[in-house]
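Notes follow the structure.
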Amino acid sequence: MFLSFFFFFCGLALITQVKVEGCQQPKNVFLLAGQSNMSGRGGNHNDTNNIVKWNGKIPPECASNKNILRLNANETWEEAHEPLHNDIDYLKTCGIGPGMPFANAILAAKDPSLRSIGLVPCAIGGTRIIEWSRGTRLYRRLVDRAKASLTCGGKIRALLWYQGESDTSRHDSKLYKVRLEKFFNDLRHDLNHPNLPIIMVGICSADQGPFMNRIRIVQLNYNDTNVKAVDAMGSTFIADQKHLDTKSQIRVGQKLAAAFLSSFAHPH
Ligand SMILES: *[C@@H]1O[C@H](CO)[C@@H](O)[C@H](O)[C@H]1NC(C)=O
Ligand SMILES: *[C@@H]1O[C@H](CO)[C@@H](O)[C@H](O)[C@H]1NC(C)=O
Ligand SMILES: *[C@@H]1O[C@H](CO)[C@@H](O)[C@H](O)[C@H]1NC(C)=O
Ligand SMILES: *[C@@H]1O[C@H](CO)[C@@H](O)[C@H](O)[C@H]1NC(C)=O
């Protein structure tokens, strides 16, 4: 009799614990999508065998914090750490991206409603906008992960979008506006979040060719009060001259945070 009570309570304790663990849930959820610069390549370099390696350097702006979680590839919340996209964009060598500096800058604002941050990394290097259109694998995964991120409560506060470099051809750059609008509208519809705030990064480049500016114009002039853009112009690059270095990723992450804090932190 005593023993069965004992096991009963042990079982109860176990169930409670499992439940609490399974339901670790950040209040403010941010979706991160786009291509390599969102995924993060800061701190990457070639080793002596010409294999791309991350240098492992994590500046304080990108540090882990118990109040910053990430939804891992298994759709489980865990404490976030660089490289944030490691198990998502796993075919590439990931380094520092804008996600951790974004989250740290949000916490630094010390807004009582923004003390618990959840990041949902979804970016994949080299992807074009049509690879994110409704029905594609990346789109479905974004929606699935977004839904999984709310299993135990919380709210999606914004989508952070850093993409467009792969759409700078003559043909694709013309279609970018229509494709981007459709992607944003479909996503808002499928997440049942018609006013989902979106903050995107305006791309810049030394060698993106003559049509890059078409993409920038679309990004920086998007006509929607719930869509804001920050500008990557002025960024510096790692040795491949293609990807933002750590310093510039911190700058972009902090710009994204400033845009969120000024436009979306306290919706009317
Ligand atoms: C994620 O799931 C896979 C397959 O179910 C498993 O092999 C792996 O250990 C899991 N990883 C983590 C971090 O839970
Ligand atoms: C990374 O971002 C910068 C700045 O927006 C851009 O110039 C560069 O082309 C991007 N790299 C890739 C591979 O997308
Ligand atoms: C911007 O959107 C508003 C509201 O939807 C619309 O009335 C206006 O004509 C648009 N402006 C441009 C330049 O497209
Ligand atoms: C690594 O070396 C290759 C070949 O020289 C070069 O194309 C690439 O940009 C380098 N990558 C980095 C991250 O430095």
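Below, each value reflects all heavy atoms present in this structure, side chains not excepted, and no hydrogens, waters or symmetry copies.
In this model, a donor atom of one side chain and an acceptor atom of the other lie less than 3.5 Å apart for Q163 and D167. For N86 and H81, the side-chain atoms include no donor-acceptor pair closer than 3.5 Å. If you check the side chains of S116 and N67, you find no donor sitting under 3.5 Å from an acceptor. In this structure, a donor-acceptor pair under 3.5 Å is absent between the side chains of Q25 and T151. With hydrogens and angles left out, the side-chain atoms of N74 and T76 include no donor and acceptor closer than 3.5 Å. Side-chain atoms of R41 and S39 form a donor-acceptor pair, as typed in the model, at a separation below 3.5 Å. Looking only at atom types and distance, the side chain of Y139 has no donor-acceptor partner in the side chain of D186 under 3.5 Å away. Side-chain contact annotation: N104 with E61, donor-acceptor N/O pair under 3.5 Å absent. Side chains of S173 and R214: a donor-acceptor N/O pair is present below 3.5 angstrom, by distance only. For the residue pair S36 and H243, a side-chain donor N or O sits within less than 3.5 Å of a side-chain acceptor on the partner.
Within the 4.5 Å cutoff, side-chain heavy atoms of L196 are placed close to those of L187. The closest side-chain heavy-atom distance from K247 to T236 is below 4.5 Å. A 4.5 Å side-chain heavy-atom check between L191 and L31 finds at least one atom pair inside the cut-off. Proximity of S149 to V120: side-chain heavy atoms (C-beta onward) are separated by under 4.5 Å at one or more points.
In this structure, Q249 contributes its side chain and M100 its backbone to no donor-acceptor pair below 3.5 Å. R157 contributes a side-chain N or O that, together with a main-chain N or O of F264, makes up a donor-acceptor pair within less than 3.5 Å. The backbone N or O of I203 sits less than 3.5 Å from a side-chain atom of Q219, completing a donor-acceptor pair. At distances below 3.5 Å, at least one donor-acceptor pair connects side-chain atoms of R145 with backbone N or O atoms of N72. With hydrogens and angles disregarded, no donor-acceptor distance shorter than 3.5 Å links the side chain of N44 to the backbone of V52. When atom types are taken as modelled, the side chain of R140 and the backbone of G135 share a donor-acceptor pair closer than 3.5 angstrom. A donor-acceptor pair under 3.5 Å is formed between the side chain of Q35 and the backbone N or O of S166. Between the side chain of D89 and the backbone N or O of H85 there is no donor-acceptor pair closer than 3.5 Å. Under the 3.5 Å distance criterion, the side-chain polar atoms of T168 are matched with a main-chain donor or acceptor of E165. Side-chain atoms of S235 come within 3.5 Å of backbone atoms of A232 as a donor-acceptor pair (strictly under, hydrogens ignored).
D231 and R216 are joined by a salt bridge, as a carboxylate oxygen and a charged side-chain nitrogen come within less than 4.0 angstrom of each other. A salt bridge links R70 to E78: at least one charged side-chain nitrogen sits closer than 4.0 Å to a carboxylate oxygen.
One finds the NE2 atom of H45 at 9.5 Å from the CD1 atom of I238 (value rounded to the nearest 0.5 Å). Atom CH2 of W161 sits about 5.5 Å away from atom CH2 of W132, to the nearest 0.5 Å.
Sparse packing is recorded around CG of N192, with 12 or fewer heavy atoms of other residues, nucleotides or ligands lying under 6.0 Å away. Within a 6.0 Å radius of NZ in K92, more than 12 heavy atoms belonging to other residues, nucleotides or ligands are found.
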Using the rule given for side-chain contact (heavy atoms from CB on, under 4.5 Å), can you reason through E75 versus D144, listing the C-alpha separation, both sets of side-chain angles and the distance that settles it, and then say yes or no? CA-CA 9 Å; E75 301 191 343; D144 286 350; 4.3 Å; yes
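Between A109 and L261 the shortest heavy-atom distance is CB-CD1, 3.7 Å.
In the hydrophobic clustering of this structure, L142 groups with M38; members are Ile, Leu, Val, Met, Phe, Trp, Tyr whose side-chain heavy atoms approach within less than 4.5 Å, directly or through other members.
Of the candidates L180, V218, L159, M200 forms a side chain to side chain contact (heavy atoms under 4.5 Å, CB included) with just one, namely L180.
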